[in-house]
Structures are given as C-alpha cells and as structure tokens.
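Read through the structure below, which is laid out as structure tokens, and then see the notes.
None of the values given here were measured: they were computed from a predicted structure. All ligand and atom numbering here is 1-based and tracks the order in the structure.
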Amino acid sequence: MTIYTVSLIGFGGVNRALAELIAERNETWQRELGFGLNIVGVSDLHLGSVISPNGIDARMLTATRFEKGGFANLSGGSAEPRSLHVVRSAPADIVVEATYTDPATGEPAISHCRAAFEAGRSVVTTNKGPVALAAAELKAMAAACGVGFEYEGAVMSGTPVIRLAQSALAGAEITGFAGILNGTSNFVLGRMQTGLGFAEAVAEAQAAGYAEADPTADVEGFDVRLKVVILANEVLGATLTPDQVDCAGISALTPAALAEAEAAGTRWKLIGSAARDASGRITAAVRAERLPLAHPLASVSGAVNAITFQTGLLGDVTVTGPGAGRIETAFALLSDIVALHRKATPLALREAAE
Ligand SMILES: NC(=O)C1=CN([C@@H]2O[C@H](COP(=O)(O)OP(=O)(O)OC[C@H]3O[C@@H](n4cnc5c(N)ncnc54)[C@H](O)[C@@H]3O)[C@@H](O)[C@H]2O)C=CC1
Ligand SMILES: N[C@@H](CC=O)C(=O)O
C-alpha cells in the first residue's frame, strides 16, 4: 500500500478541508485510490509551523482550535510559520501549496514551489499565482528535478477543466473559451439580484470561504484574469501574461442595474474569455456582459462556474460545476495527487493492486 507524506503550506480554508478529508477518508482512499496520505508538516502565517516525520494526526489538527502561534504547543512545533523550512525539511513526498494568491507577484508560492522541487518534492497547488505567472519555468524545473507539478484547482476549483481540456479534449481543436470563472463574483451578483447590498453580499461570500484574502481580486476581475491566462497558456498554447488581458469587474453594478437588466430579459455575468483567430493571434478579456436569459451561462447561479470551449471537431463543449468552496477545492488537490499517483504507478501495477 502506498502512503504519500504531505506538507500543508497554508492552513486556511482549503488545506484545513483537505486535512478533514484525510481524517475522514484516508482508509477509503487506500482501498479505492491505491494510496493514503500522512501529514508530516504544516506551515501557516498565523498558526505557526510543525514538523513531525512520523505524522501529525489529521483529526487533532482539524478538531483543535489553535490560537495565533498555537502550533508552538505541538511536538516539533513553532510559533513561526517557517514556510520554506517546512518545505525543505519536512520529509514530504508532496508539498500542498494553498497560501494566499498574490495576483501581482505570485509569491511566496512561487518560492515554495522552487524550494519543493529543489528538495525533490512534488507540488500540488490551488494557488493561481505560480500557475499564471511562472508555469513554464516551474514545469521545466519540476521535470528537471524528476517530480510532479499539478494545479487543477487553480481554475474552477474542483471542476476538472484543465485536465479535461488537455486530455479528454485533446485533438478536438480548441480555438477558444468563455466562461464564468469566479465563484465569489457570481455569488455576489445573485445575492444582489435579491436586493442585498454589494458589501453584504461580499461578506457572505467571505464567510462561505469562497473569496480571496483580498476580495477585490474577485470583484474587480483580477482572479478571473489569472485564470484566463492559465487556460489560454495551458489549452490554447498561448504565452499570455496578465497585463495583456483587458480586465474589468462587477463593482460598478448596482442592484438597480441588475434589476433593470432582468426586466429587459437579460442578466449580468462576469465573463473571462480567450480566442485564437485564423492568424493564430490570441485575444483575451475579462468583463461584465449582459447575457440574454436564454444564454447557457445566464442560469449559472451561486458559486457555480461554467466554461464553454469552442472546438473545431465538436463545436461548443460546456462544463459546469463548483468554482469555489473549501471542500470542493480540497477535492482538486486530491485529484492532483491521484494524477501524480497514476503517473508514478504503471497501469499494470495499479490493476494488479485493485
Ligand atoms: N477558497 C476557494 O474556494 C478556492 C481557493 N483557491 C486558492 O487556494 C488558496 C487557498 O485558499 P483558501 O484556503 O480559501 O485561503 P485562506 O485565506 O483561507 O487560507 C490561506 C492560508 O495561507 C496562509 N498563508 C499565507 N501566506 C503564508 C505563508 N507565507 N506561509 C504560510 N502560510 C501562509 C494564511 O495564514 C491562511 O491561513 C488561495 O491561493 C486561493 O486563491 C483556489 C480555488 C478555490
Ligand atoms: N475566490 C475564488 C476562489 C476560486 O478560485 C473564486 O471565488 O472563484
């Protein structure tokens, strides 16, 4: 039976949810997925850090209400986050990077990824920074170090659109995409349509664990811009950077404007899109669009996301699913570890073990 040791860098909503899933489902995963997970290191800006080569009990981690610096009370613990020390020194097979996304620099997550690869550790991440701002460098570095780098949750949370486009739609000749790629802003638009104020709707999204640490990224389109860059580069073969993507958000939309649109048979949605034209030129944008109610994306509600891929062989292919949420995003990390496991384990060995 394979047991992967993991270090959790960032212990907020997503990595805490992953620890909860480990506590609840590790035995099931060993039976059904062929591996289990053992937490050997955790680092968090507020809680501190802990390294335990024999493992840290996931139930204890998730059941304990730690105060600021509270990891210092654990064996092998410190009140200091020591994130790079944990990445380098905790004996993890896989580093799970789920710290804040910094849309401008991608740090410290990019440094966490580099340090993990240098230490011979794979990385799975939901952090959009490294994937939007340094994917080419990090993928090459991971390959040179003989380790894996997976990031399904960077776009549409647990809804698997990156690997879907790269694998299941390989050969379909994808020429573009357009979609609702941010759960927080879609949730906010829906709540405002009930008459709730903008600030109150954003607060609800934060309480639900959907929003970025700075929700400006959600409502001004910066989060979608990162996701458009990721998808265009991963799926359309582009080499986009965020500054090349026109970007506007939803903060100018008022409940009255939303009501007026509804009365006219339309609905505002924040849409991220990219397309390659006949000359091969890629154009990409993030903007609020007023869609007819009959449009397939108009009925997407709450923190649900949806994306339509335009393809040469299939026409439009639309995928919808959760775009945010602690558990939903923790699942993306699990799916990344499944991908690493399947790449590392030849099919014949997997079938023999099943
Ligand atoms: N919440 C969601 O629905 C989704 C989140 N993501 C991304 O996943 C990542 C984590 O999201 P959440 O858990 O919701 O955020 P969060 O804000 O709940 O947790 C982030 C944690 O990272 C810690 N942190 C920040 N800088 C650190 C550092 N240098 N060293 C150690 N710890 C550090 C913070 O203390 C915090 O506890 C973010 O990058 C986010 O953009 C991606 C898809 C969906
Ligand atoms: N804040 C983001 C989280 C997922 O990427 C969103 O709301 O979509």
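The side-chain hydrogen bond (donor to acceptor under 3.5 Å, both in side chains) pairs that include a residue from residues 92-101 are T5-D93, H46-Y100, E97-T99, E97-H112, E97-N127, T99-N127, T101-N127, where partners are two or more places apart or lie in different chains.
Under the 30°/60° scheme for interplanar angles, the aromatic rings of Y4 and H341 are found to stand perpendicular.
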Kindly print each ligand 2 N/O atom paired with any protein N/O atom under 3.5 angstrom away, one pair per line, or none if nothing qualifies.
unit_1: ligand 2; atom_1: 1 (N); unit_2: Y210; atom_2: O; d: 2.8
unit_1: ligand 2; atom_1: 1 (N); unit_2: E212; atom_2: OE2; d: 2.8
unit_1: ligand 2; atom_1: 1 (N); unit_2: D218; atom_2: OD1; d: 2.7
unit_1: ligand 2; atom_1: 5 (O); unit_2: K128; atom_2: NZ; d: 2.9
unit_1: ligand 2; atom_1: 5 (O); unit_2: K227; atom_2: NZ; d: 2.7
unit_1: ligand 2; atom_1: 7 (O); unit_2: G183; atom_2: N; d: 3.4
unit_1: ligand 2; atom_1: 7 (O); unit_2: T184; atom_2: N; d: 2.8
unit_1: ligand 2; atom_1: 7 (O); unit_2: T184; atom_2: OG1; d: 2.7
unit_1: ligand 2; atom_1: 7 (O); unit_2: Y210; atom_2: O; d: 3.3
unit_1: ligand 2; atom_1: 7 (O); unit_2: D218; atom_2: OD1; d: 3.4
unit_1: ligand 2; atom_1: 8 (O); unit_2: N182; atom_2: ND2; d: 3.3
unit_1: ligand 2; atom_1: 8 (O); unit_2: G183; atom_2: N; d: 2.8
unit_1: ligand 2; atom_1: 8 (O); unit_2: K227; atom_2: NZ; d: 3.1

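In plain terms, the two heavy atoms of L270 and D218 that are nearest each other are CD2-O, 4.1 Å.
The backbone N or O of V86 sits nowhere less than 3.5 Å from a side-chain atom of S89 that would complete a donor-acceptor pair. With E212 contributing its side chain and T216 its backbone, the two residues share no donor-acceptor pair below 3.5 Å.
Residues F66 and F11 keep their aromatic ring centres 6.0 Å or farther apart.
Salt bridge E234/R163: absent, no basic N to carboxylate O contact under 4.0 Å.
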What pairs of donor and acceptor atoms, side-chain ones from residues 242-258 against any protein atom, are under 3.5 angstrom apart with sequence neighbours left out?
unit_1: D243; atom_1: OD1; unit_2: T241; atom_2: OG1; d: 2.5
unit_1: Q244; atom_1: OE1; unit_2: T241; atom_2: N; d: 2.8
unit_1: Q244; atom_1: OE1; unit_2: T241; atom_2: OG1; d: 3.2
unit_1: S251; atom_1: OG; unit_2: E220; atom_2: OE1; d: 3.2
unit_1: S251; atom_1: OG; unit_2: E220; atom_2: OE2; d: 2.6
unit_1: T254; atom_1: OG1; unit_2: A256; atom_2: N; d: 3.4
unit_1: T254; atom_1: OG1; unit_2: A257; atom_2: N; d: 3.0

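For ligand 1, the protein residues within 4.0 angstrom (heavy atoms only) are G10, F11, G12, G13, V14, S43, D44, L45, H46, S83, A98, T99, Y100, T101, P108, T126, N127, K128, G153, G209, E212, A324, G325, T329.
Side-chain contact of S111 with E107: a donor-acceptor pair under 3.5 Å is present, judged by distance alone.
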